[in-house]
> 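Quick one: structure below, then a few questions.
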There are 2 protein chains.
Amino acid sequence: MLDVARVAQVSIATVSAFVNGSANVSPAATQRIEGAIRTVGYQRNAVARSLKLGRTHTVGLTVPHITNPFFTEVVSVITQAFDRAGYAVMLFCTDEHLSNQDEQIRLLLERMVDGLIVARVGEDERFRSIVGATKAPFVLIDRLCEGVDADAVVLDNRTAVAEAVGYLTGLGHRRIAYVAGGTGISTMQERAAGYRAALEEAGLAFDPALVRLGDFHEMDGYAAAMQLMTLPDRPTAVFSANNPMVVGVMKALRDLGLNCPKDVSVACFDDFPFADVFHPQMTTVRQPVQAIGEQATALLLERIAGTAASEPRRLTLRGRLMIRGSCAPPSGWAAQSA
Amino acid sequence: MLDVARVAQVSIATVSAFVNGSANVSPAATQRIEGAIRTVGYQRNAVARSLKLGRTHTVGLTVPHITNPFFTEVVSVITQAFDRAGYAVMLFCTDEHLSNQDEQIRLLLERMVDGLIVARVGEDERFRSIVGATKAPFVLIDRLCEGVDADAVVLDNRTAVAEAVGYLTGLGHRRIAYVAGGTGISTMQERAAGYRAALEEAGLAFDPALVRLGDFHEMDGYAAAMQLMTLPDRPTAVFSANNPMVVGVMKALRDLGLNCPKDVSVACFDDFPFADVFHPQMTTVRQPVQAIGEQATALLLERIAGTAASEPRRLTLRGRLMIRGSCAPPSGWAAQSA
DNA sequence: GAAGCTAGTTGAAACGTTTCGGCGATGTCA
DNA sequence: TGACATCGCCGAAACGTTTCAACTAGCTTC
């Protein structure tokens with residue numbers, strides 16, 4: 001900018017005025033400045049600008065795993081929405097590790113992001129203090145955090161799971177296994193509650209032996225299904241409360257030579273692009289990823305602009321049960337009902 | 001930092017020395033500064049730091065579509081690798097649009113990223129001039145750019161496709177369709193060359209009627225397969241040179257009531273997590289995503305550190321054919337060969 | 001013809017760091 | 001005791017912007 005000013009024979013202030021359109025500059029000066037910018041190859045330095053302005057036009061985004069198809073899509077929607085708004089987004093994957101998350105958020109805050117969208121991980125204490133210590137606005141997605149007064153957009157997990165499990169009981173299943181990830185997360189607690197609610201609704205007893213908790217990974221799903229399917233009185237249906245684990249479940253069925261849906265019905269949380277292409281076509285609970293991403297972006301942009309009401313807003317969206325071919329009445333049931 | 005200095009009753013310079021460990025500070029001062037940092041809640045401002053230092057410890061990453069499973073995994077690997085190195089990454093999706101890409105790279109450069117990793121899109125002219133005009137290092141992944149002397153890590157696409165199509169000819173297929181994305185991209189040209197080479201190798205004539213070029217989207221794959229499969233002399237196998245399109249292909253087969261692999265064999269580029277879970281289990285060309293991401297990161301970090309030799313380096317990795325259940329000899333062939 | 005406006009321009013301060021030269025005080029060596 | 005390092009600390013300049021008050025011409029208006 002100094003160089004441009006020299007070449008164009010104007011002051012730095014005038015160049016700035018021209019670049020930002022913040023004040024009138026004469027046609028003559030305009031022309032010289034435009035020329036100078038071209039010859040010098042000037043490009044404005046956003047970090048100096050940010051320092052002066054106190055805004056970086058950059059936001060942070062952290063998710064547990066970008067390879068989880070739910071997060072893949074949410075990240076996709078969010079990055080594109082911010083892109084349209086002229087913001088850059090810094091992406092981090094916590095890999096479900098608390099220490100990663102703390103460090104990443106520290107890094108983001110140090111870089112003076114204008115705001116953050118966080119799909120939280122792990123326990124609350126540390127996160128609460130981080131959020132409390134900064135004035136940068138946070139928006140929580142997917143997972144809430146008790147005691148944190150941040151905007152949030154989440155799913156009505158309880159209802160969604162209850163509907164899916166209710167669908168299974170409606171088909172006649174009475175032994176429905178439940179496979180899920182860690183318990184420390186609001187999402188998982190709500191989903192478990194939905195499972196129990198659906199059982200109760202159908203007059204079925206909750207059997208702890210049919211519940212398997214893992215750590216969100218495919219191999220945990222595999223191990224869980226292996227155990228469940230070799231039980232003396234094995235379940236006739238499995239609901240997986242997250243997507244990576246269902247891959248393991250399906251592989252276990254394959255390795256055990258069990259057919260889905262003939263021998264076991266399977267349904268899971270989170271839709272994915274291949275769900276209706278291959279066999280069995282997977283029955284899933286589809287989250288409104290587009291809406292989640294766009295709402296989260298909108299909430300954060302409003303906070304950044306300062307136009308939002310001060311009390312935290314919480315959006316709860318509804319999931320949708322995508323009924324496909326992976327669930328069927330348990331064998332023997334049709335006869336029984338006839 | 002000014003506040004910290006005041007509370008600790010030392011100069012700003014001393015606080016800086018303490019924070020960065022760049023000079024000795026007495027135990028007494030250390031203690032006061034530590035206390036002051038806590039009471040003030042000080043966090044260093046990375047943008048001021050970047051301005052002074054001329055380095056942001058931030059890199060840019062642009063890919064066409066993060067939902068394409070190949071890019072999902074590469075992005076995952078790259079973000080984690082940079083995270084470990086203490087860098088933040090700004091992610092952009094070009095959505096295969098040239099204008100997006102230009103604008104995003106401009107934004108990134110303006111933000112003074114220390115370097116960029118780019119999975120390029122579209123034609124070369126504009127991109128060449130952008131790369132030429134900046135001194136920030138670029139690393140190209142997946143797609144090359146003629147005339148740009150940047151480091152790159154790519155796949156040996158020609159060999160990979162030749163191997164896959166060779167596998168199909170080996171099974172006895174003589175009419176093998178080829179479905180792919182746009183032609184302006186090095187990757188696609190190489191893959192097409194691999195297809196032709198494999199045909200030639202098997203003594204088969206190239207038939208333009210069996211080639212369908214679309215725009216990387218599922219619906220293009222669908223349309224392509226619909227046309228191909230209603231041809232009077234329809235192909236017995238389809239190779240899709242990219243992943244999103246194969247979803248469309250499979251849906252078309254489903255809608256036409258064609259069984260894979262009994263009626264048609266299908267193979268495609270890029271492996272995906274569900275490939276060996278459902279039926280048919282997909283035969284794919286698997287790219288070494290882990291290696292691609294890590295190598296690209298390493299190349300860029302070396303450039304940033306200035307330790308790299310000055311001439312551009314090009315890494316070409318090999319793909320791996322994952323043979324699964326989606327390909328079989330064409331019907332009638334077994335008899336003929338017996 | 002004086003007063004007042006307006007459009008265009010400018011110098012300088014500020015944003016929060018890092019860094020360098022310098023300056024006392026203390027210790028060491030001859 | 002004097003010369004000389006060494007240590008801990010500090011003041012101030014610099015990084016590249018934005019912004020504000022101030023200034024100059026040139027016009028308009030009475």
Side-chain angles (χ1 to χ4, degrees), chain A residues 1-37 40-58 86 88 106-114 134-136, chain B residues 1-37 40-58 86 88 106-114 134-136:
Chain A
M1 189 167 251
L2 186 68
D3 294 337
V4 174
R6 258 200 290 264
V7 173
Q9 306 189 59
V10 294
S11 75
I12 297 183
T14 306
V15 178
S16 175
F18 167 75
V19 171
N20 299 304
S22 55
N24 288 337
V25 355
S26 68
T30 297
Q31 207 170 353
R32 274 175 307 163
I33 293 174
E34 278 173 343
I37 285 179
V40 174
Y42 171 75
Q43 238 209 160
R44 92 177 155 192
N45 181 327
V47 352
R49 191 160 204 269
S50 296
L51 176 60
K52 182 67 200 176
L53 258 30
R55 292 174 312 128
T56 52
H57 268 263
T58 301
R106 200 189 58 69
L107 223 76
L108 251 8
L109 258 15
E110 182 175 302
R111 277 175 168 75
M112 302 281 131
V113 290
D114 292 341
T134 176
K135 70 258 138 279
Chain B
M1 188 168 250
L2 186 68
D3 293 337
V4 174
R6 258 200 290 263
V7 173
Q9 307 190 57
V10 293
S11 76
I12 295 184
T14 307
V15 178
S16 175
F18 168 76
V19 171
N20 298 305
S22 55
N24 288 338
V25 356
S26 67
T30 297
Q31 207 170 354
R32 273 175 307 162
I33 294 174
E34 279 173 341
I37 284 179
V40 174
Y42 171 75
Q43 239 210 157
R44 91 177 156 194
N45 181 327
V47 354
R49 190 159 205 269
S50 296
L51 175 60
K52 182 70 200 173
L53 258 31
R55 291 175 312 128
T56 51
H57 268 262
T58 301
R106 199 188 59 70
L107 223 75
L108 252 8
L109 257 16
E110 181 174 301
R111 277 174 170 77
M112 302 281 130
V113 290
D114 292 341
T134 176
K135 69 258 138 278

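FYI, side chains are in, hydrogens and waters are out, and symmetry mates aren't considered; it's all heavy atoms of this structure. Here is how names work: the chains are called A, B, and so on, in the same order as the sequence lines, proteins then strands, and each is numbered from 1.
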> What is the distance, rounded to the nearest whole Å, between atom CZ of B:Arg44 and atom P of C:dT18?
6 Å
> Report the distance from atom CG of B:Asp3 to atom P of C:dC15, rounded to the nearest whole Å.
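In whole Å, C:dC15 P and B:Asp3 CG are 11 Å from each other.
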> What's the CG-C1' distance between B:Leu51 and C:dG16, to the nearest Å?
9 Å
> Between B:Leu53 and B:Ala23, which residue's closest nucleotide on DNA chain D lies nearer the 5′ terminus?
B:Ala23
> For C:dG8, take OP1 and OP2 only and decide whether either is under 4.0 Å from a side-chain N or O of A:Asn24.
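Yes.
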> Atom CG of B:Asn45 to atom P of C:dC15: distance rounded to whole Å?
12 Å
> Would you jot down, in residue-number order, the residues of residues 13-22 of chain A having a non-hydrogen atom under 4.0 Å from DNA chain C?
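Under 4.0 Å from DNA chain C: A:Ala13, A:Thr14.
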> List in chain and number order the residues that pass salt bridge (Lys or Arg N to Asp or Glu O under 4.0 Å) with A:Arg49, two or more places apart in sequence or in another chain; answer none if no residue qualifies.
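Scan of A:Arg49 (salt bridge (Lys or Arg N to Asp or Glu O under 4.0 Å), adjacent residues dropped) gives none.
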> When the side chains of residues 3-18 of chain A are checked against the rest of the protein, which donor-acceptor pairs come out under 3.5 Å, sequence neighbours left out?
unit_1  : atom_1 : unit_2  : atom_2 : d
A:Asp3  : OD1    : A:Arg6  : NH2    : 3.3
A:Ser11 : OG     : A:Ala13 : N      : 3.3
A:Ser11 : OG     : A:Thr14 : N      : 3.2
A:Ser11 : OG     : A:Thr14 : OG1    : 3.1
A:Ser16 : OG     : A:Asn20 : ND2    : 3.4

> Quick check: closest heavy atoms across B:Thr56 and B:Met112, and the distance to 0.1 Å?
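Closest pair (atom of B:Thr56, atom of B:Met112, distance): OG1-O, 2.8 Å.
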> What's the closest nucleotide to the A:Ser26 side chain, out of D:dC10, D:dG16, C:dT9?
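Side chain of A:Ser26 sits closest to C:dT9.
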> Taking the side chain as every heavy atom from C-beta outward, state whether B:Glu110 and A:Arg44 have any atom pair closer than 4.5 Å.
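A side-chain contact exists here, since the closest heavy-atom pair is under 4.5 Å.
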> Any idea which of C:dT10, D:dC10, C:dG16 is nearest the A:Val10 side chain?
C:dT10
> Looking only at side-chain atoms of B:Lys52, point me to the closest of D:dT17, D:dA14, D:dC9.
D:dA14
> Would you kindly give the CE-to-P distance between A:Met1 and D:dT19, to the nearest whole Å?
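For the pair A:Met1 CE and D:dT19 P, the rounded distance is 11 Å.
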> How does protein contact run along nucleotides 23-28 of chain C, one letter per nucleotide 5' to 3', with B for base contact, S for sugar-phosphate only, - for none, heavy atoms under 4.0 Å?
------
> Considering all heavy atoms of both residues, which atom of A:Ala136 and which atom of A:Thr134 are nearest to each other, and what is their separation?
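Between these two residues, the closest heavy atoms are N-OG1, 3.0 Å.
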> Please report, rounded to the nearest Å, how far the P atom of D:dA12 is from the CG atom of B:Leu2.
14 Å
> Please determine, for the side chain of A:Arg49, which listed nucleotide (C:dT17, C:dA7, D:dT18) has the closest atom?
D:dT18
> Locate the shortest heavy-atom distance separating A:Val47 from A:Asn45; write the atom from each residue and the value.
N-OD1, 2.8 Å
> Tell me the bend of the helix from C:dG1-D:dC30 to C:dA30-D:dT1 as the angle between end helix axes, each from five pairs, rounded to the nearest 10 degrees.
50°
> Using atom OH of A:Tyr42 as one end and atom C1' of D:dG16 as the other, report the distance to the nearest whole Å.
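My rounded result for the distance is 8 Å.
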> What is the distance, rounded to the nearest whole Å, between atom CD1 of A:Ile12 and atom P of C:dT10?
11 Å
> Among pairs that include at least one residue of residues 24-36 of chain B, which meet side chain to side chain donor-acceptor pair (under 3.5 Å), considering only residues two or more places apart or in two chains?
none
> Just verifying a value: how many Å separate B:Arg111 CZ and A:Gln43 CD, rounded to the nearest 0.5 Å?
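Those atoms lie 11.5 Å apart.
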